[in-house]
Amino acid sequence: MSVASWKTVPAMTEQQRLDAVADLASIVRGEELDIPWRRVRVLLDHKLATVNFSVQTAGSCPSLGLTDDGLSFLGLRRFGI
């Protein structure tokens with residue numbers, strides 16, 4: 001596999017786009033724990049979401065947050081969110 005193909009992210013299929021909208025909405029609601037890893041990877045690969053690390057204490061865990069691209073993807077950027 002060439003170096004260029006490692007960096008190239010394939011375009012999302014229509015089903016992946018629909019899943020991404022639902023998954024980003026779950027992240028906004030704070031319900032991202034139920035998103036399957038393969039769908040999280042699509043969000044990360046397309047830079048729609050990021051992993052947020054809070055202060056690590058007993059029982060804490062990383063969470064997902066939306067990037068500027070993720071907000072734009074959902075159409076929330078135009079509302080100044």
### Message
When you compare the side chain of Leu18 with that of Val21, does any pair of heavy atoms fall below 4.5 Å?
### Response
no
### Task
Mind checking the CG-CG spacing from Leu24 to Leu64? Nearest 0.5 Å is all I need.
9.5 Å
### Message
Just so I know, are the side chains of Leu48 and Leu74 near enough to count as touching, which here means a heavy-atom distance under 4.5 Å?
### Response
no
### Task
Step by step, work out the side chain to side chain contact (heavy atoms under 4.5 Å, CB included) result for Asp69 and His46.
CA-CA 9 Å; Asp69 289 344; His46 288 276; over 6 Å; no
### Query
With a 4.5 Å limit on heavy-atom distance, are the side chains of Leu43 and Ile27 in contact?
yes
### Message
Quick check against the 3.5 Å criterion: does Thr67 have a side-chain atom that pairs as donor or acceptor with the backbone of Lys47?
### Response
yes
### same_hphob_cluster(Ile35, Leu33) at 4.5 Å side-chain heavy-atom cutoff
no
### Message
I want to check something: taking the side chain as every heavy atom from C-beta on, are Val28 and Leu66 in contact at a cut-off of under 4.5 Å?
### Response
yes
### Message
With rounding to the nearest 0.5 angstrom, report the CG to OG1 distance, Asp68 to Thr50.
### Response
11.0 Å
### Summary
Sorted by chain and number, sequence neighbours left out, side chain to side chain donor-acceptor pair (under 3.5 Å) with Arg29 holds for Ser26, Glu31
### Query
If every non-hydrogen atom of Ala11 is compared with every non-hydrogen atom of Gln16, which pair is closest and at what distance?
O-OE1, 4.1 Å
### Message
Using 0.5 Å steps for rounding, measure from the CZ atom of Arg39 to the CZ atom of Arg41.
### Response
13.0 Å
